[in-house]
Amino acid sequence: MKIESLGLPDEVIRFYLDSGIEELYPPQAEAIEKGLLEGNNLLAAIPTASGKTLLAELAMLKAISNGGKALYIVPLRALASEKFDRFRSFSSLYVKGEGKAGIRVGISTGDFESRDEWLGSNDIIVATSEKTDSLLRNETSWMEDITTIVVDEVHLLDSANRGPTLEVTLTKLMKLNPGCQIIALSATVGNAYEIADWLKAKLVLSEWRPTDLHEGVYLKGNINYHGSQKRIEPRTRDDAINILLDTLEEGGQCLVFESSRKNSVSFAKRSGAKIGETLDKPTRNALDILVEQIVENGETETANELAKCVRNGTAFHHAGLNSAHRRIVEDGFRDNKIKVISSTPTLAAGLNLPARRVIVRSYRRYDPNYGMQPIPVLDYKQMAGRAGRPHLDPYGESVLIAKSYNEMTGLFDNYIDADAEDIWSKLGSENALRTHILSTIVNGFATTREGLLEFIEATFFAHQNDTWGIMDVVDECLDFLRDNKMLEGEDTLVPTALGRLISTLYIDPLSGAYIVNGLKKAEHITDLTLLHLICKTPDMRQLYMRSGDYEIINDIVIAHSDEFAEIPPRSREIDYEFFLAEVKTALLIQDWIGEKTLDSITKKFNVGEGDVHAFADIAEWLMHASSRLAGLIAPEMSIDVSNMTSLLEKRIHYGASPELIELVSIRGIGRVRARKLYDNGLKTVDDIRKSSHKRIAELIGPKTAAKLFTEIGLHLEFTSDDSGEVTLKTMDSLMGNEQSTFSDFEK
DNA sequence: GACGAACCAATTAGATGGCGTCCAA
DNA sequence: TCTAATTGGTTCGTC
């Protein structure tokens, strides 16, 4: 099927022809035949990289040319910005009516937001599923104008913590905009027809890929495929490294999937020792540049470890890395400088980072209750699917590693030849229902118990299960919400001010109850009280206890026993272990806002830089919620803690002591630079204004200093002459004509 | 004969993928 | 439950 034959506006056709797309892939053609461009709902369950995005694009562009508006829902922030960047290339398409303006695209995620009202003026809006839920909860007006909804990675309905949000959000959207076209994109799963049925969508089911994928199992020197075999030279004693060397010899790159962060680091190190020997001079030089960037962008030991690997052409990748390191590794691999990435499943879903060959070094993952467990087929398929770069490789290869013949046949049966598991709604649990029942009532989708039942009947859960079984759980949730003064009334359910606030703050009602009750009960309120309180909530992610931790944390609990909002449990009680983990998490945040170095925090708590920021992120959000809740219940409390919570919120944001808050609020000045200025007597913005430029530039470097002056309203010129002398010239008359000169400031 | 590298087997310690949400300039 | 790291001991080669 030709792209010209689709009846799209000429400009759109030209756009695709210019980018080299003339002919549709078979699954795409099937989607067209099933009415994609006539407004039919559609579920495309096809492999990654087989053109799902194009399907969505065609439908969205068609809708927009008819005056519509599209919402594109993704599961990951990284994916949101990837799609945003892609859709922005439509800005040159003047398909709307008389061609007044190009297509406008907006993005809305937790960390990157075009403002809400303005967001509505876009033709395409990209958002995460949680953000979409949040926009619905805040009753954003333009939601009703949406005519086309694209749901990417819809198989995430199966996820226990995030699936219910997606499910409820879709249900609400369908109720709100009954005429809306829904295009759902999914990996190949067992019961795609069931999801399609729920969405009243036509199903396109296909295994077709633009690049062939050969899946094999390595056993004793050979990779075995269906009907063929490939010999691997046993150059070292490590099988996986031999496969790597073989790939590199053929000019390919390799992605290696490991089961834990620790393993991914250790494999990158080990394989680097061998691979480094095979690199040529130009590659080494290119890698050295990356090594420099890595060292510059890290404050911890991880930077050195990563640098050591990258020098040898390997790298590790997991969520403990900071964002700069992640980006350097990803880009380095794309530019074919880094030859091997040893990664946790971070890279399996989401980011588009294909390689010639994929090695799945471990198909088991640790579970504290059951020991090592085999991963789902779907997870394996996602990893294997990363093999083969479209248009670049003739085919991709994925390799599992077996130690015995029996294991090999098992792997063929259970992974390579197996169908992916069915998707099951996870909405039935109390944890999931509690929060969504509250928001459903707050937003008026249901006002009675019967109304609630009717709403649930429209969900995917009800599509798969009888709903009579769920009503007990629903009643428990309603009781909980009433007991905690979030709802009122028996026949008609009316949200209270507290209930409304909790729904819009987007926290779990259980978190809300913990915080409210804790604030009321606590007698001796300190930073630790509040930090522990938020670390206790189910919205917070907790640290694990390690064998050496018990004694240390226990001592701290005893020393501060009157500061907790509850009486600390005794060592025999079941809650004891949980309590200590909560305190440990609170201590991490305390170190962070106490300006402990990232290096010391990562070592002490055995986490990565990326984790520290992630913990701080969640803590900041929950502290903000606490602040709002404290304000609401202030009349019932003996003391007002709003000041404490809002100061803590700022401190967590910057990771700084109270005295630095003024300095750190200047853009470009973080906790480290602010501390340097402060300790040198520059404690306020005013101090900086009055001080000499030379001094400041000496403290934080002339470039940062120049930015700092601009930020606080002093305009400086920054020049450098042939001899490398740098001059900072004040353009602001307030400062007189002071001129400062430095040389050799860098080191 | 002293020393270190390389190797092997046996034992022990330690692990536990990733993700999102709030507000506001 | 599994794997990587550690430990202890042996062998071999070299000076």
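Letters A, B, ... mirror the listed sequences (proteins, then strands); counts begin at 1.
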Check your understanding: A/T537: what forms a side chain to side chain donor-acceptor pair (under 3.5 Å) with it, not counting sequence neighbours?
Key ->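 Applying side chain to side chain donor-acceptor pair (under 3.5 Å) to A/T537 gives none.
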Point to revise | Residues that A/S511 engages under side chain to side chain donor-acceptor pair (under 3.5 Å), provided they are two or more places apart | key: A/D539
Point to revise | A/T645 side chain to A/S642 backbone, donor-acceptor under 3.5 Å | key: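 A pair under 3.5 Å: yes.
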Please give, in whole Å, the distance from [N] [atom2] to [X] [atom1]?
X: A/I534; N: B/dC23; atom1: CD1; atom2: C1'; answer: 15 Å
X: A/H613; N: B/dT21; atom1: NE2; atom2: P; answer: 18 Å
X: A/L166; N: B/dG20; atom1: CG; atom2: C1'; answer: 12 Å
X: A/M383; N: B/dG18; atom1: CE; atom2: P; answer: 12 Å
X: A/I652; N: B/dC22; atom1: CD1; atom2: P; answer: 17 Å
X: A/Y506; N: B/dC22; atom1: OH; atom2: P; answer: 7 Å
X: A/E649; N: B/dA25; atom1: CD; atom2: P; answer: 12 Å
X: A/E153; N: B/dG18; atom1: CD; atom2: P; answer: 17 Å

Check your understanding: Do you know which two heavy atoms are closest between A/A619 and A/I589, and how far apart they sit?
Key -> CB-CD1, 3.8 Å
Check your understanding: Which heavy atom of A/L481 sits nearest a heavy atom of A/R434, and at what distance?
Key ->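 Scanning both residues, the minimum pair turns out to be CD1-O, 4.2 Å.
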Review point. Are A/D152 and A/K52 ion-paired here, with the side-chain N under 4.0 Å from a carboxylate O?
Key: no
**Study point:** Residue closer to the 5' end of DNA chain B, A/P75 versus A/H624 (nearest nucleotide)
**Key:**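 Its nucleotide being nearer the 5' end, the pick is A/P75.
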Practice item. Consider only side-chain N and O atoms of A/H318 and A/E258, and report whether a donor and an acceptor are under 3.5 Å apart. Key: no
Check your understanding: In terms of side-chain heavy atoms, does A/S665 have a donor or acceptor partner in A/K650 at a distance below 3.5 Å?
Key ->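 Side chains of A/S665 and A/K650: no pair found under 3.5 Å.
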Practice item. Using side chain to side chain contact (heavy atoms under 4.5 Å, CB included) as the criterion, point out the one residue from A/I125, A/L173, A/D133 that pairs with A/I73. Key: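 Per the side chain to side chain contact (heavy atoms under 4.5 Å, CB included) rule, the option paired with A/I73 is A/L173, out of A/I125, A/L173, A/D133.
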Point to revise | Of A/I341, A/V329, A/N263, A/L321, the residue whose pairing with A/F316 passes side chain to side chain contact (heavy atoms under 4.5 Å, CB included) | key: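 Single pass found, and it is A/L321.
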Exercise for review: Please state whether the phosphate of B/dT21, meaning OP1 or OP2, lies under 4.0 angstrom from any side-chain nitrogen or oxygen of A/R77.
Suggested key: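 For B/dT21, OP1 or OP2 has a side-chain N or O of A/R77 closer than 4.0 Å.
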Exercise for review: Write down the distance separating the P atoms in B/dG18 and C/dT1, rounded off to the nearest Å.
Suggested key: 24 Å
Check your understanding: Relative to each other, are the rings of A/Y415 and A/Y380 parallel, tilted or perpendicular (30° and 60° limits)?
Key ->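 Geometry flag for A/Y380 against A/Y415: tilted rings.
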Check your understanding: Under a cut-off of 3.5 Å for both distances of each Watson-Crick or G-U pair, what dot-bracket string does DNA chain B give, using [ ] for crossing pairs and | for inter-strand pairs?
Key -> |||||||||||||||..........
Polar atom pairs (N or O), protein with nucleotides 7-11 of chain B, under 3.5 Å:
| residue | atom | partner | partner atom | Å |
| --- | --- | --- | --- | --- |
| B/dC8 | OP2 | A/R237 | NH1 | 3.0 |

Exercise for review: Name the nucleic acid region contacted by A/T504, choosing base, sugar-phosphate or nothing; use a 4.0 angstrom heavy-atom cut-off, strictly under.
Suggested key: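 Counting heavy atoms under 4.0 Å across all strands, the contact made by A/T504 is with sugar-phosphate only.
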Practice item. Could you check whether A/R137 gets within reach of a base, just the sugar-phosphate, or nothing at all, counting any heavy atom under 4.0 Å? Key: nothing
Any N/O pairs under 3.5 Å between the protein and nucleotides 14-17 of chain B? List them or say none.
| residue | atom | partner | partner atom | Å |
| --- | --- | --- | --- | --- |
| B/dA15 | OP1 | A/R546 | NH1 | 2.7 |
| B/dG17 | N2 | A/R365 | NH1 | 2.8 |
| B/dG17 | N2 | A/D379 | OD2 | 3.2 |
| B/dG17 | N3 | A/R365 | NH1 | 3.0 |

Check your understanding: Contact boundaries of DNA chain C with chain A (under 4.0 Å, heavy atoms), 5' to 3'?
Key -> C/dT1 to C/dA5
